[in-house]
2 protein chains.
Amino acid sequence: MADTRQRLIDGAIETIRAHGLTGTTARSIAATAGVNQALVFYHFGTVHDLLQAACLAATRARVQPFADQLGKITDLRQLLALGRTLHTAERAEGNVMVLAQLLAGAQTDPKLAEATAASLQLWITPIEDALTRLLAGSPVAELIDTAGLARAVSAGFIGLELYEGVDPEGAQAALDALDRLAVLIEVVDDLGPVAVRALRAKLRKTAKNRI
Amino acid sequence: MADTRQRLIDGAIETIRAHGLTGTTARSIAATAGVNQALVFYHFGTVHDLLQAACLAATRARVQPFADQLGKITDLRQLLALGRTLHTAERAEGNVMVLAQLLAGAQTDPKLAEATAASLQLWITPIEDALTRLLAGSPVAELIDTAGLARAVSAGFIGLELYEGVDPEGAQAALDALDRLAVLIEVVDDLGPVAVRALRAKLRKTAKNRI
DNA sequence: GTCTATAACGAGATAGAC
DNA sequence: GTCTATCTCGTTATAGAC
């Protein structure tokens, strides 16, 4: 069957989720997928190549519904709320954790690094689009780098997922704190031209100090 | 010699840094440490136990000088600047990366989870102290949860380290964006009572919506 | 405490029947 | 495309000499 490939990809994702990257082998993947171990090599050549395919597949499956919800958002705090929803869902489903595991593995594996960077980009792009849209009419828009912020949000989210795995209460506290922090941005936004002038002055001073 | 233990711990850290957690075995550790492979088991019983010891050691070695620098900081943007300095230093030295690798491994290993949670706490505590101190006289102090924020910062930093490994330019952009974001907090701080009143109102409204 | 040697096993990968 | 069988190597861990 042609869907053996798919079963192996799904098996790889599930195995990483359950046993981590260190517990993910051709044998354990095949067992989870319910197929013969040799088929890993027939279809993908090496275990590494299968992991690369699984990395992109796991991300694509999760990003699409997330991107749809992002499109409906109207303010920054809703973005954070969506982040929390995603976080809760991922604790049950766990595809972001799969990406986190592969990201760790990618640190010493250039090929896997390409795949994980591409997967992360799948998250970053819709987030950046949402940020740009939300800040379009705002006076602080010109002062915020949406491209960089989207990357910081995505990378930070991965870090929080990993942290949640070893200290769930701490991760909850972290998310609560970020919730409160997001309010600051909206307040500055609401304050209008006064705050923006103050911001511009601050940023100019900052730029000078940096050089 | 009694310092064989230490050489093994250092070897473990260096091996994780160079080859990742998947490439870290009793043999590779011993080779890096320049000692016999059997000594891993004589001194630590199992590879896992050595990794736990290495996790705490790697963190303790890095946290102390960082905590000292934290004590000299006088505003939030200096905190972010220190974060950048740390980030640059860690790219060369790489102990945070070791923690990130172990954190990924800890997701499916309760014993390692304990060790990594404890290690993360070593970072979180001085950061929380610094935040509390910096915000002591500020009007926004009561509106910010320093405990949660310190956790978010620490976890987010780990995520950025991992992201840097697969997309260095993206990570730089992310850090730049956070730099700009930090200015927002200071501006609100400078605006004084007006902004604080606006914040309080926002937070009250938020609390209602949450319930 | 440190070494050699080795047991016991699981890993990636391949050959070849079907 | 799928299976069994197997090769080769690296893995954890231990036994026992020194």
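Side-chain atoms are counted along with the backbone in the values below, which use heavy atoms only and exclude waters and symmetry mates. The sequence lines fix the lettering, A, B, ..., with proteins before strands; numbering per chain opens at 1.
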Novice: A:Arg27 has an atom CZ; how far is it from atom C1' of C:dT14, in whole Å?
Specialist: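 Atom CZ in A:Arg27 sits about 12 Å away from atom C1' in C:dT14.
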Novice: Whole angstrom is fine here: how far is it from CD in A:Gln37 over to P in C:dA15?
Specialist: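 Taking CD of A:Gln37 and P of C:dA15, I get 14 Å after rounding.
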Novice: Applying the side chain to side chain donor-acceptor pair (under 3.5 Å) criterion to B:Asn95, which one of B:Arg62, B:Arg17, B:Glu90 satisfies it?
Specialist: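 Going through the options one by one, the only one that passes is B:Arg17.
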Novice: Could you say whether A:Ala38 or A:Gly23 is positioned toward the 5' end of DNA chain C, judged by the nucleotide with the nearest heavy atom to each?
Specialist: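 Nearest-nucleotide comparison on DNA chain C picks A:Gly23.
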Novice: First locate atom OG1 of A:Thr24, then atom CD1 of A:Ile13, and finally report the distance between them rounded to the nearest 0.5 Å.
Specialist: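 Going from the OG1 atom of A:Thr24 to the CD1 atom of A:Ile13 covers 11.0 Å.
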Novice: Using the side-chain heavy atoms of A:Val47, tell me which of these nucleotides is nearest: C:dA13, C:dC3, C:dA5.
Specialist: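 Within the option list, the nearest is C:dA13.
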Novice: Write down the distance between CD1 (A:Ile29) and P (C:dA11), rounded to a whole number of angstrom.
Specialist: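 After rounding, the gap between these two atoms is 11 Å.
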Novice: Check the distance between C:dG12's P and A:Leu8's CG and give it to me in whole angstrom.
Specialist: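 After rounding, the reported distance stands at 13 Å.
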Novice: In whole angstrom, what separates A:Leu39's CG from C:dG16's P?
Specialist: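 Whole-Å distance recorded here is 18 Å.
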Novice: Output the rounded distance in Å from CG (B:Asn36) to P (D:dC18).
Specialist: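 Rounded to the whole Å, the gap is 16 Å.
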Novice: Within this structure, what is the CZ-to-P distance between A:Phe41 and D:dA5, rounded to whole angstrom?
Specialist: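 The distance from CZ of A:Phe41 to P of D:dA5 comes to 18 Å, rounded to the nearest Å.
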Novice: Rounded to whole Å, how long is the line connecting atom NE2 of A:His43 with atom C1' of D:dC3?
Specialist: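 From A:His43 NE2 to D:dC3 C1': 12 Å.
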Novice: Looking at A:Phe44, I'd like to know if the NZ or CZ of A:Arg5 sits under 6.0 Å from its six-membered ring centre while staying within 45 degrees of the ring's axis.
Specialist: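 That pair qualifies as a cation-pi contact.
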Novice: Check for me whether the distance between the ring centres of A:Trp123 and A:Phe157 falls short of 6.0 Å.
Specialist: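 No, ring centres 6.0 Å or more apart.
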Novice: Using a cut-off of strictly less than 4.0 Å, decide whether B:Thr4 has a side-chain nitrogen or oxygen near OP1 or OP2 of C:dG1.
Specialist: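 Checking C:dG1 against B:Thr4, no side-chain N or O comes under 4.0 Å of OP1 or OP2.
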